[in-house]
Trainee: 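The structure's right below; bear with me while I get my questions together.
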Amino acid sequence: MKYDFTSLENKWQKRWEDGKLYAAETGAAKKKFYALVEFPYPSGVGLHVGHARPYTAMDVIARKHRMEGENVLFPIGYDAFGLPTENFAIKNHIHPRIVTENNVKTFRGQLKSLGYSFDWDREINTTDPDYVKWTQWIFLKLYEHDLAYKAKMPVNWCTSCKCVLANEEVVEGVCERCGSPVVRKEKSQWMLRITKYAQRLIDDLDDVDFIERVKIQQKNWIGRSTGAEVTFHSTLDDDIVVYTTRPDTLFGATYMVLSPEHPLLDAWMEKLENADEVKAYQKMAASKSDMERTELNKEKTGVQLRGVQGVNPVNGKQIPIFISDYVLATYGTGAIMAVPAHDTRDWEFAKKFGCEITEVVRGGDVDKEAFTLKDDTGIMVNSDFLNGLTVKDAIPAMKQWLTAHKIGEEKVNFKLRDWVFSRQRYWGEPIPIVHCPTCGTVPMDEKDLPLLLPDVESYEPTDDGESPLAPMTDWVNCKCPKCGGDAKRETDTMPQWAGSSWYFLRYMDPHNDKALAGKEAMEYWSPVDWYNGGMEHTTLHLLYSRFWHKFLYDIGVVPTKEPYQKRTSHGMILGEGGDKMSKSRGNVINPTDIINVYGADTMRTYITFIGDFEKAVPWSSNAVKGCKRFLDRVWNLSESVTDHETAYSAENESMMHKTVKKVSEDIDALKGNTAIAALMTLLNQFAEKGCNEAELKTFLQLLSPFAPHISDELWEQHYFDGICSISAWPQYDESKCRDASVEMAVQVNGKLKGTIIISADASDAEVVAAATATEKVQHAMDGGKQVFKTIVVKNKLVNLIVK
RNA sequence: GCGAGAGUGCUGGAAUGGUAGACAGGCACGUUUGAGGUGCGUGUGUCUUAUGGCGUGUGGGUUCGAGUCCCAUCUCUCGCACCA
């Protein structure tokens, strides 16, 4: 028979689905295992090989756990709200709901054609009214607990998307999605108080098994620092509070800098001698985009405030005050004390504006460059009561002094900002809030959820920054849930990250209409045992969903503090030449094309075999053929096996046990590439030494997670019991992984001279004797040299030290 | 600048401190075939007169033994970036 992958893959996909072979059972007595992949955004271009890599990897893991007898939940869904769909809809005059439906259909078909063992009865879609309802419900809970609030503030505005962005969505000053410049805009926005959870989001990383680089990136993003807030008096009476991580250098503070947006400026403006100059600078700073600010950061700019001086609280010296955009309004107190001797930025600024530079830590040449903190062993100078102390001791001493004199206190700061949660676009969850002229901001009643989008023809973004929902008066005008009077709905929608912040909970109980998921289901399935996803989501989705989950834990909705027990991450698949895959480069590989030519099993095998899972790796069309060849050889081998042996042959036994061990361990360690290499090696041995039915059976089981269709088919052809992909995972016997005789390396003085074949049970003395007897060792000992030391590594190597 | 990771054949990549290059791809030669493709087989780091030497970015070190550990250095990738 021919290996007709197309028809046999269709056959098995249908059988798996009709038989609900991979359905998860909530509450089953078996050990549960929840494997999760990041659900796709159903874009118009269809599934990408970039999806196939992580999905195949987790499918392999899910399939193995299932064969090991566990109750496996491996679900899939669609993260379907979002801009690309909306933009496509606008351009082609099709409603985003229709676009989404079509795209989901394409994705579902492609996912099924790859043979993933998803539980299709649990499929979810973030745009379903049943789903939106609970996303909105969580928002109401956040609002109720004062974690959602509306504030007027400068926000990131994407000039092309015409929409507000979260800090996490701005990359190098441009929009993460479209690459257009991002500008600052003063707007009233819904915010989520993620900063309240900053400390816990760091601390609880200790309790989970995330790969280290994910933990590090999250910690860096949250950016905790410990320092002190110090109050400086000014000659205009108002105090200025600054934040510093180096209170030990206070005696070196020779000037101060306020951010251009600092509130004190308004109060002082009339009294300033150079108010016009200051205002001009403020205006200039405000009009800069983030990108310009980044580009210009090499050259410091600023204006001194004429007519006011700061007073250094430790020595009473009057020092100048500047405004400069190198000080950020959104971090710390928006004001700093400048210590040019020991801070690079302050040093640059001081040099340009001729400020005094006072050394307070010995060890550098502060006329040439700032002497910044390398370690904390530097000695304090020019610092009165701190003189002679090390930096390490000076920090607590100064903190104590500040507290005692009530001019400062210890303070922890985070880089993390609150989450800008509103978007001025149509295709998102409406925020379930009503604005009432008498009652103010009023949350909708839970029983009125979901609040759905109005079904309209036109929903283009507006230039003035208003939501496209704003002009839809039929929808906007409503009654106040509190007083019943005329009121208006909130017209902003939620960002795409909303739906994905809790979707893993919905999979546990996807059809529940009383709660986001039932308590029992959540108790049973929580937490997600293994979650694999892209590094690009580390400071976005992964952080956001941990925040939501912690909140839900606090209000007693979910049973665990953390949503995910284990997090791993895959490398990107690059184009054939090593460039990023992109439409414009024309190097995009469509998984469906590969499946049509080589079959899903080949696709799955290749994407697993392609290289180190964590690293980026270029696609290779040739190497795909190698994997097809491998499966062809498996097929041919199976046809040649005609005996009915039930035990491994003596010739293959140790190899069988070794391979079972290797494949089992490699799958658990996400090393599918070497697992497949081990299967290829075993197949090569079969070609040489023959293969009986017992050996074939085990081989098919080991191959099954990677290439489930061909395994199930060949299993059936040999009349083995049941179905291969849900059969019991083969076991190995450690004692049988050894061969009777082994090849050992022979070294003389650490240099390889050859090998010997010797019984695995040989004593060290026998090994040394056999090694010494070899011609090459004898040769190396010419001239009456003697062996005076031997090192034997059992079954591996013998090293003779010869002099 | 800061943080993380990585440098191994022509290519993707293997290697608990113990025979570097597993397993694939590519290439070459042979073989099967009417031919192409497929299949099968052999070879494939490097210098060399070798039963010899050299080889995992570079330079040191630890060790009987280093791709692996330590120090220094260079290069690349990713993330963050005026966070006081």
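To find a chain, count down the sequence lines: A is the first, B the second, and so on, and within it residues start at 1.
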Trainee: Quantified in whole Å, what is the P atom distance between nucleotide B/G41 and nucleotide B/U49?
Mentor: 34 Å
Trainee: Would one find a side-chain N or O of A/N673 under 4.0 angstrom from OP1 or OP2 of B/A14?
Mentor: yes
Trainee: Whole angstroms only, please: what is the CG-C1' distance between A/L631 and B/G25?
Mentor: 16 Å
Trainee: With distance as the sole criterion, do the side chain of A/K300 and the base of B/C82 form a donor-acceptor contact below 3.5 Å?
Mentor: yes
Trainee: Can you figure out which of B/G18, B/A84, B/G53 approaches the side chain of A/L328 most closely?
Mentor: B/A84
Trainee: In whole Å, what is the span from the CD atom of A/Q747 to the C1' atom of B/A20?
Mentor: 12 Å
Trainee: Can you tell me if A/R629 touches the phosphate of B/G25, counting only side-chain N or O atoms and a distance under 4.0 Å to OP1 or OP2?
Mentor: yes
Trainee: Taking O4'-C1'-N9-C4 for purines and O4'-C1'-N1-C2 for pyrimidines, is B/G55 syn (within 90° of 0) or anti?
Mentor: anti
Trainee: With a 3.5 Å distance limit and no angle check, can you tell me whether A/R604 reaches the backbone of A/A707 through a side-chain donor-acceptor pair?
Mentor: no
Trainee: Look only at the side chain of A/N532 and the backbone of A/S569, and say whether a donor-acceptor pair between them is shorter than 3.5 Å.
Mentor: yes
Trainee: Could you tell me how far apart A/K776 (NZ) and B/G53 (C1') are, to the nearest whole angstrom?
Mentor: 13 Å
Trainee: So if I apply the ring-ring contact (aromatic ring centres under 6.0 Å, His included) rule between A/Y606 and each of A/F706, A/F630, A/W619, which one comes out positive?
Mentor: A/W619
Trainee: Side chain of A/D612: nearest nucleotide among B/G26, B/A14, B/A84?
Mentor: B/A14
Trainee: On a whole-Å scale, what distance lies between the P atoms belonging to B/U8 and B/G13?
Mentor: 9 Å
Trainee: Is the A/W635 ring parallel, tilted or perpendicular to the A/Y3 ring (thresholds 30°, 60°)?
Mentor: parallel
Trainee: Under 4.0 Å: is that the gap between some side-chain N or O of A/N684 and OP1 or OP2 of B/A24?
Mentor: yes
Trainee: Please pick, from B/G3, B/A84, B/G18, the nucleotide with the shortest atom-to-atom distance to any side-chain atom of A/K796.
Mentor: B/G18
Trainee: CG of A/N220 versus C1' of B/G79: gap in Å, rounded?
Mentor: 8 Å
Trainee: Taking ring-ring contact (aromatic ring centres under 6.0 Å, His included) as the test, write out the residues that go with A/F353, two or more places apart.
Mentor: A/F322, A/F349
Trainee: Students often get this wrong, so: under 4.0 angstrom with heavy atoms, is A/T755 touching a base, only sugar-phosphate, or nothing?
Mentor: base
Trainee: Using the P atom as the reference point in each nucleotide, state the distance between B/G43 and B/U33 in Å, no decimals.
Mentor: 24 Å
Trainee: Pick base, sugar-phosphate or nothing for A/L797, based on heavy-atom distances below 4.0 Å to the nucleic acid.
Mentor: base
Trainee: Taking atom C1' in both B/C47 and B/C40, what distance in whole Å separates the two?
Mentor: 34 Å
Trainee: Can you tell me, in whole Å, how much space there is between the P of B/G67 and that of B/U16?
Mentor: 13 Å
Trainee: Rounded to whole Å, please give me the gap between CG in A/N749 and C1' in B/U63.
Mentor: 14 Å
Trainee: Roughly how many Å is it from CH2 in A/W347 to C1' in B/C82, rounded to a whole number?
Mentor: 16 Å
Trainee: Over how many whole Å does the gap from A/H779 atom NE2 to B/G53 atom P extend?
Mentor: 8 Å
Trainee: Counting only N and O atoms by type, is there a donor-acceptor contact under 3.5 Å from the side chain of A/D418 to the main-chain atoms of A/I194?
Mentor: yes
Trainee: For the P atoms, the ones on B/U62 and on B/G12, what distance do you get once it is rounded to whole angstrom?
Mentor: 35 Å
Trainee: When rounded to the nearest Å, what value does the distance between C1' atoms of B/G9 and B/A15 take?
Mentor: 15 Å
Trainee: Here's a test of your reading of the structure: between A/C627 and A/I336, which maps to the more 5' nucleotide of RNA chain B?
Mentor: A/C627
Trainee: Could you give the OH-to-C1' distance, from A/Y331 to B/C80, as a whole number of Å?
Mentor: 14 Å
